[in-house]
Amino acid sequence: MACLQTKQLSHGTEWWNLSGVEMFRKRPPPEEERKVRANGREYNEKFQYASNCIVTSKYNVITFLPVNLFEQFQEVANTYFLFLLILQLIPQISSLSWFTTIVPLVLVLSITAVKDATDDYFRHKSDNQVNNRQSQVLISGSLQKEKWMNVRVGDIIKLENNQFVAADLLLLSSSEPHGLCYIETAELDGETNMKVRQSLSVTSELGDPHNLAQFDGEVVCEPPNNKLDRFCGTLYWKESKYPLSNQNMLLRGCVLRNTEYCYGLVIFAGPDTKLMQNSGRTKFKRTSIDRLMNTLVLWIFGFLVCMGVILAVGNAVWEREVGTLFQSFLPWDPPVNGFLLSAFLSFWSYVIILNTVVPISLYVSVEVIRLGHSYFINWDRRMFCSRSNTPAEARTTTLNEELGQVEYIFSDKTGTLTQNIMTFNKCSINGRAYGDVDPVGAQGKRPQPLDFSVWNPLADGGLCFYDASLLEAVKTGEPAAHEFLRLLSLCHTVMSEEKREGALVYKAQCVCVCVCVCVCVVCVCVFSLSLSVGALVYKAQSPDEGALVTAARNFGFVFRSRTPGTITVHEMGRPVTYTLLAILDFNNIRKRMSVIVRNPEGRIRLYCKGADTVLFERLHPCNHELMNITSDHLNEYASDGLRTLALAYRDLTEEEWEEWSERYRGAGKATDCREDRLAAVYEQIEQDMMLLGATAIEDKLQEGVPETIAILSLANIKIWVLTGDKQETAVNIGYSCKMLTDNMTEIFIINGHTVQSVREELRRARERMVAHSREGGKGDEAAGWAQACSLGNGVRGGDQAGWPLPQEKEKQESGGRVPSLLESISGEFALVISGHSLAHALEGDMEYEFVETACACRAVICCRVTPLQKALVVELIKRHKKAVTLAIGDGANDVSMIKTAHIGVGISGQEGIQAVLASDYSFSQFRFLQRLLLVHGRWSYLRMCRFLCYFFYKNFAFTMVHFWFGFFCGFSAQTVYDQYFITLYNIVYTSLPVLAMGIFDQDVPEQRSLEYPKLYEPGQLNLLFNKREFFICIAQGIYTSVVLFFVPYGTLAHATQSTGEPLADYQTFAVTTATALVIVVSVQIALDTGYWTAINHFFVWGSLGSYFTILFIMHSSFLFSIFPKQFHFLGSAQNTLEQPVVWLTIALATVICIAPVLTFRFLKLDLKPQLSDTVRYTQLVHQKKRKPGISGGMGISGVGLGAGALGRLGRSASRRSGYAFAHQEGFGELITSGKNMRLSSLALATFASRHSSSWIDTLRKKKHANSANASINSANASVNSANASVNSANASVNSVSAIANGQPQTPPAPALSNSSSLSGSQDTPPEEVGLSHAQQAVAQQAVARDGVHSGTASHSNGCTLVTRPEAETGGCSLGAVQEALFGWRGVGARVSGASSPGPPPILEESSPTE
Amino acid sequence: MMASSYNAKEEDGHHPGASGPGGAAANSKKPDNTAFKQQRLPAWQPILTAGTVLPAFFVIGLIFIPIGIGLYVTSNNIKEFEIDYTGIDMSSPCFNCSQNFSWNSTTPCKCSLPFSLDQPFESNVFMYYGLSNFYQNHRRYVKSRDDSQLNGDSFSLKSPSKECEPYRESSDKKPIAPCGAIANSMFNDTLVLYYIDPNGTRTEIPLVDKGIAWWTDKHVKFRNPGGSNANLTASFQGTSKPVNWNKPVYELSTDPENNGFINEDFIVWMRTAALPTFRKLYRIIQRKNSMTPTLPQGDYTLEVTYNYPVRSFEGRKRMILSTISWMGGKNPFLGIAYITVGSVCFFLGVVLLIIHHKHGNRSSADIPN
């Protein structure tokens, strides 16, 4: 690439020792200050600023080989093998031919090189593409097309709407008034909202190219850095100085929006741009298996050295005792003059031949397997979101098995758990509740959402409201309802956009609002979309507000437009224009907002909406009764997890208004304490209001969030929600996604502002937990723990002096005790901690206390946390719990957390791509997490573990034979096998079957791992591959090697061929051992493979086939005649393998090797079966039992009835007040000042065409989604009920287990779980089957847990109790018994349902296993 | 690994969420619904259950035990006779020969060992010499040969491989043919067998020295230089005999088909043994007719021309006579091993069956949680 060379020439950097990205970053003199003169290329030339050419590629054609090889040999493993290779070139040492090492090494190097080359090729391509983009540069007074890479610092370039900013520019002028322009910064910080940039007024006047060409201002500014939100510089022009800030900058990566064109001066180009400065090396994450593997490889290396030493000592002894005497036959090699030197050389010789215990192919194979797993993640249709057309993506291919070990999940809230879509759900008007319709009706029929468009052409399709009575009330003209809706349509700060007849004039993007002085930028979200003819689009600052205005719109009070002084509303089809007198804006302290309007009749009225607690205090006393009723409603809404607002109005007389407005103006003009004064003034008028009612807004959860959370927590994964949101919102969401439930023993809220108070609160929380445990009957332990707790706490008897650190350390060192006590706490607790308390809790000495407390809770919610705190919390758990953490988020504020956690998951398609870019995995729905972890992660972990076990086994079995042979060949480092066998063993004969197993193996089918989340536990506990397992593998390998050596030794030592020639010659022995080895190892992989696909068959048989084929080719006379020295095993294969004794030997060795393995495995399965084994076995039984005749769908019919009633369970006592208002204040001021009114929609029209097409698409999609949504809703409801019942079951289980163990207990909850799961599965659309499974699993788990708690005795007991009716009905016997045992009628129903032609989605679910 | 998080493609603004215009189906990124990609490949999922494992053990037991018995019986029916003629003991006839050893002694030392066979040896009898404590499998020993030279390559004949050091060139700088330590240490005792009639007459038993090497070795691997040229002396012109040999390689036998590199004694020796105690086929005693045993019961004398020194490294030399069956020579290990393994498997099967019945919780296959 042209620019690469120029850069290298111009900078003369030592590119060869700088890898990749940094190549262009290092330049000899670090820049201290940047001076740029506009239109002064010659002047700027002398500073040698980087050009706008971007190079992310690492190599070019010439440098590829040396640089890549250099990089590869930085890997320890590769260097080690290079070292071995060099050793082999010394003839006295060489025990193997050089090619046995070089072939695998070259193979490994070339695979890596090919991968690197492909990566780099794509980087080249994308670089080229970017560098060759066109931009318009002002060169010598005229605009010329120029490639991006030719843009220089100091050039003035013209940007047009929707173009990418080519470099970091100083905005000079734009098409908009005041030199404003709008940009979207999604690529930079992930925020999709638009931001506004403004040029200096002096430059904005320049306007056209002619003037700009004359512009010769000089900018002096800071050197390139990576701070996105800061810029500091000065413009010198015409003898004056103008300060420059970030507000004047357009950064590369942004997109120009809603601005026809603008001109900018290039300040930083190419690698100096903030975008590139920010794209540092991503931190390379390693999995725990990786670390374990590295440790083990080191151990193996140590083992290798030990073996070498033993054999070298043996060699010394042998050479002294025998070798010296044997010299007449075999003199020592010339340099060797004694046994010691011989031993020394023999050590190295043995290092060479035993090096195969550290196989070079290990790392490559692991990478290949991980890559395969990543592809499976990418390919998973069930992690594909059709709405956003986003498949899941494994962005890192090195972490897959870690997904199977996650213990802590840190989740963002907005956009991750929730959709950040608010919907108007319920309301209470004048004491009457609307919208409270049972989603699953009494007849089991779901009511249709109201169709507003029939009577209201301006209605919005997005609202799903089920209760027709409100509509009736509106139609009949009930005044309270009208006033209620009028308030909703008037009291807000929403902006509207309306299409003009015939032309589509929508602004697709968000509107940005520029505030005059402080230029604060406010995001305005588009929340409401419409397909109706009216095509009216609202842009609300907070989604809650938008939801309310949309609701009013649908009920006939359509907010049409506003000017700074008026609001136009279509009331029941009649346009009414209100005069807007004042907006009493929202803020966090006031928790309310009001408008004062004058209606066409001239009446002045104040409309107020706000948090009920605040509003109720300011009501007129006559509202008392209504307030009580409304308050009840509010409680109900709040306990449903809805966000509530109370609405009120007040009539004002002209005098009142005049008087007040005077004061208002006075306060508004005040310069000091303006805020406080305003608040005081507002306070005066917001009094004696009349209550209208209350609204309830649902902060819509993403699909399947509660189920996912339930399943994940059943899989023993702890979920922490870290959100920047308010505590109320966070807690609300906690409830609605079932992290918090009313059944929880206690929810601790840590909200202290000082160290002491936080400490105190934490201590109290622990004491409460202990107290509760004590009540639960664990007095002794609890007392002990209480002591430990107070000890650990260190705040005793007023001793506030500080934290006794030594004690704390002691406690940590003594280890285990306190945590174990904490973990044994009974009851469910939750912890809610706010950001400011967290700041204290994260301080050095309280960390441990916090971790201990938090980890004892089932749910932890941290609200109002900063991005940095998110990362700190993750870091804390990483450090203290040694657990695998996963962070999931969607926004730029989650990036730090995503990068810190072991695994970072980005939710794509919501808030920009910053989180996705930083993440290791990305998908578009939170619920896919369960699949990622429980299916993919679990499998990955399982496969990787099995792979490693087998891999170490096969290499030990292979290599250790040399060790035993050493005792019989005078420790001379003679190999047992043919050198070609040694070369090919790892790369041909045994690599593919184990790779196939590592990629394709499954123990239980995917739907089972979702049904039984407990299957996930082995990964968390690291059971499948750890040091113990490793030693077992090694032992097995060594055992196999012993057998493989000594069985042929025993049989062949005295055996002869049937023609009389002895069989004990070296070549026959080599062939026999090698063949036995290949066969034993193949049988072993066959035994390890749990999932025999055609590919596995192909590889296993193919490997055996290739072994024999290659064997015969290598030993053929053809090859011998060409290279007699290399292929001197001529005829061995044929001579050996036609001997029956040889085959008898191989069979014997195989049986001796495999029988013990088989015995142990069988015993393990039979006596201590793992859950996965049992599931597998049950699956098998089911498959056998599944006959066409069984129709299991029968018993279901009646059960669905209970669901509705059950749905109410658990929404009992708790009283919360969530209120819906998330936006910033200051918006009202904007509206009244008219600054944000872009009345010149002409400018918009010019570029609207581009939007319109995509706009339509979005709308269309939305429509589809909505129809899908509708059907989902009811399913959701039933799921909720399922969860509720599960929770109660859990609670009862816990209490039971606390009281007594081993008492026979019949499971209490089968009926409950049945009802919910079945009602779900009856009518869920195909997309939602996973969901219904989820509920079933939840139910089953709850019940199953119960069974376990009550001890084995109850098994038989429960069995006899429950079995009989089932057996009598003549169902499938075994399966039925098992299911009945734990009340799993759900399983039975589903399994048998699958065999009947019933619901197709279910069929699809279980069919893969057939 | 060193990826930069910046990617120009992403700069293009490909929001994952934003789908292309219009034809959503065409642009859908939905992964293919293939069994492979969805990990739903049809698969056989074997499980170790009592139903499969226990029968396997029984079957192995039931197959192995009869095979073992068969092997054991066969092996027992094979007659084998072994005599050590190293001459360690003072009483041994070869003691003297073993004492005054030298590779270069021109006068051969002969000794006779009488022995008697208790049973007649039917059919062909194979005569082996056995060496103990002889490390033919030593790395330096094994590689000390030039297969190219042995294959008749004229270039290698004149300049043998470096591997042959120090037996590559003689002291007068002539290349050694055959070079290397293996050839140099070739076994050179001559064993002659006499049958002593009950009436005292000594009959020399005819020993066949052909057909004792692998066919591939004799016909492919080992070739004399100069191809089928009968004049071996000329072919080996300019080479030197191995240091320890008495006569050059082209004088190993008078039979032109068994001389030079294709001398079968030489070939047999060159096929190195895997273990330090080994036997090599020396001669075959062909059965004369079906009526009389090849070696009748009675007294024999083994006459040894004692050339090969083993006492220096505490080695032993043996002469073995053996008959052969379908499975080769006497090999009791295999039979015993088979019987043992078979029995153990069977026993294991029984034990596992009992364990399974008593403790196995498969019957109540529940899924614990």
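Just so we're on the same page: letters track the sequence lines, and every chain starts at 1.
We find the CZ-NE2 distance between Phe278(B) and His1054(A) to be 13.0 Å, quoted to the nearest 0.5 Å. How far NE2 of His356(B) is from CG of Leu1163(A): 11.0 Å, rounded to the nearest 0.5 Å. We find the NZ-OG1 distance between Lys30(B) and Thr390(A) to be 12.5 Å, quoted to the nearest 0.5 Å. Taken from OG1 in Thr49(B) to CG in Asp1166(A), the straight-line distance is 9.5 Å, to the nearest 0.5 Å. Leu54(B) contributes atom CG, which lies 4.5 Å from atom CZ of Phe1162(A) (distance to the nearest 0.5 angstrom). Taking OG1 from Thr216(B) and CZ from Phe1120(A), the interatomic distance works out to 9.5 Å, rounded to the nearest 0.5 Å.
There is no contact between Tyr375(A) and chain B, counting heavy-atom distances below 4.5 Å. Heavy atoms of Leu1052(A) lying under 4.5 Å from chain B are absent altogether. Of the atoms belonging to Ile67(B), it is side-chain heavy atoms, and not backbone ones, that fall under 4.5 Å from chain A. In this structure, chain B has heavy atoms under 4.5 Å from both the backbone and the side chain of Pro331(A). For Phe57(B), the part sitting under 4.5 Å from any heavy atom of chain A is the side chain, from C-beta outward, and nothing else. Val53(B) touches chain A through its side chain: at least one heavy atom from C-beta onward sits under 4.5 Å away, while N, CA, C and O do not. Ser349(A) touches chain B through its side chain: at least one heavy atom from C-beta onward sits under 4.5 Å away, while N, CA, C and O do not. For chain A, the nearby parts of Asp147(B) are the backbone and the side chain; heavy atoms of each come within less than 4.5 Å. Contact of Leu71(B) with chain A is made through the side chain alone, with heavy-atom distances under 4.5 Å. For Ser325(B), the part sitting under 4.5 Å from any heavy atom of chain A is the backbone (N, CA, C, O) and nothing else. Neither the backbone nor the side chain of Ser922(A) comes within contact range of chain B, judged by heavy atoms closer than 4.5 Å. In this structure, the portion of Asp1003(A) lying under 4.5 Å from any heavy atom of chain B is its backbone and not its side chain. Within the 4.5 angstrom heavy-atom criterion, no atom of Phe1123(A) approaches chain B. Only the side chain of Ile324(B) comes within contact range of chain A, judged by heavy atoms closer than 4.5 Å. In this structure, no portion of Asn1096(A) lies under 4.5 Å from any heavy atom of chain B. In this structure, the portion of Leu348(B) lying under 4.5 Å from any heavy atom of chain A is its side chain and not its backbone.
In this structure, the side chains of Phe384(A) and Lys29(B) come closer than 4.5 Å at one or more pairs of heavy atoms. Within the 4.5 Å cutoff, the side chain of Phe36(B) has no heavy atoms near those of the Thr1093(A) side chain. Contact check for Cys345(B) versus Val1151(A): side-chain heavy atoms found under the 4.5 Å cut-off. The shortest side-chain heavy-atom distance between Arg1176(A) and Gln45(B) falls under the 4.5 Å cut-off. The shortest distance between side-chain heavy atoms of Trp215(B) and Thr1059(A) does not fall below 4.5 Å. Side-chain contact between Gln39(B) and Gln1002(A) is present, with heavy atoms from C-beta onward closer than 4.5 Å.
Taking chain A as the reference chain and counting heavy-atom pairs below 4.5 Å, the highest number among Ile212(B), Ile182(B), Thr277(B) is found for Ile212(B). The candidate with the highest count of non-hydrogen atom pairs below 4.5 Å against chain A, out of Arg279(B), Met327(B), Arg140(B), is Arg140(B). The most heavy-atom pairs under 4.5 Å with chain A, out of Trp326(B), Trp214(B), Phe64(B), Phe313(B), come from Trp214(B). Across Ala213(B), Ser75(B), Ala56(B), the residue that shares the most heavy-atom pairs under 4.5 angstrom with chain A is Ala213(B). Most heavy-atom pairs under 4.5 Å with chain B, from the set Ala1086(A), Pro1062(A), Gly1131(A): that is Pro1062(A). Residue with the most contacts toward chain A among Thr52(B), Asp32(B), Ile320(B), Ile60(B): Asp32(B) (heavy-atom pairs, distance under 4.5 Å). The candidate with the highest count of non-hydrogen atom pairs below 4.5 Å against chain B, out of Lys125(A), Gln1057(A), Met383(A), Glu393(A), is Gln1057(A). Heavy-atom pairs under 4.5 Å with chain B peak, among Ala1053(A), Pro1140(A), Ala973(A), at Ala973(A). The candidate from Pro276(B), Gly349(B), Pro332(B) with the greatest count of non-hydrogen atom pairs under 4.5 Å with chain A is Pro276(B).
A ring-centre distance under 6.0 Å is not found for Phe333(B) and Tyr1049(A).
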- List the steps and the verdict of ring-ring contact (aromatic ring centres under 6.0 Å, His included) for Tyr141(B) and Tyr1066(A). CA-CA 12 Å; Tyr141(B) 188 86; Tyr1066(A) 171 70; over 10 Å; no

- Hey, mind stepping through Phe134(B) and Phe329(A) against ring-ring contact (aromatic ring centres under 6.0 Å, His included) and telling me if it holds? CA-CA 9 Å; Phe134(B) 190 100; Phe329(A) 292 94; 4.9 Å; yes

- Verdict with supporting geometry, Asp1065(A) and Arg271(B), salt bridge (Lys or Arg N to Asp or Glu O under 4.0 Å): CA-CA 6 Å; Asp1065(A) 68 291; Arg271(B) 180 154 284 279; 2.7 Å; yes

- Task: Could you please spell out the steps behind the ring-ring contact (aromatic ring centres under 6.0 Å, His included) verdict for Phe968(A) and Tyr135(B)?
- Result: CA-CA 8 Å; Phe968(A) 296 88; Tyr135(B) 285 84; 9.2 Å; no

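Residues passing the side chain to side chain contact (heavy atoms under 4.5 Å, CB included) test with Ser1058(A), sequence neighbours excluded: Gln1139(A). By the salt bridge (charged side-chain N to carboxylate O under 4.0 Å, His left out) test, Lys143(B) pairs with no residue at all, sequence neighbours left out.
For the pair Glu1061(A) (side chain) and Leu281(B) (backbone), a donor-acceptor distance under 3.5 Å is absent.
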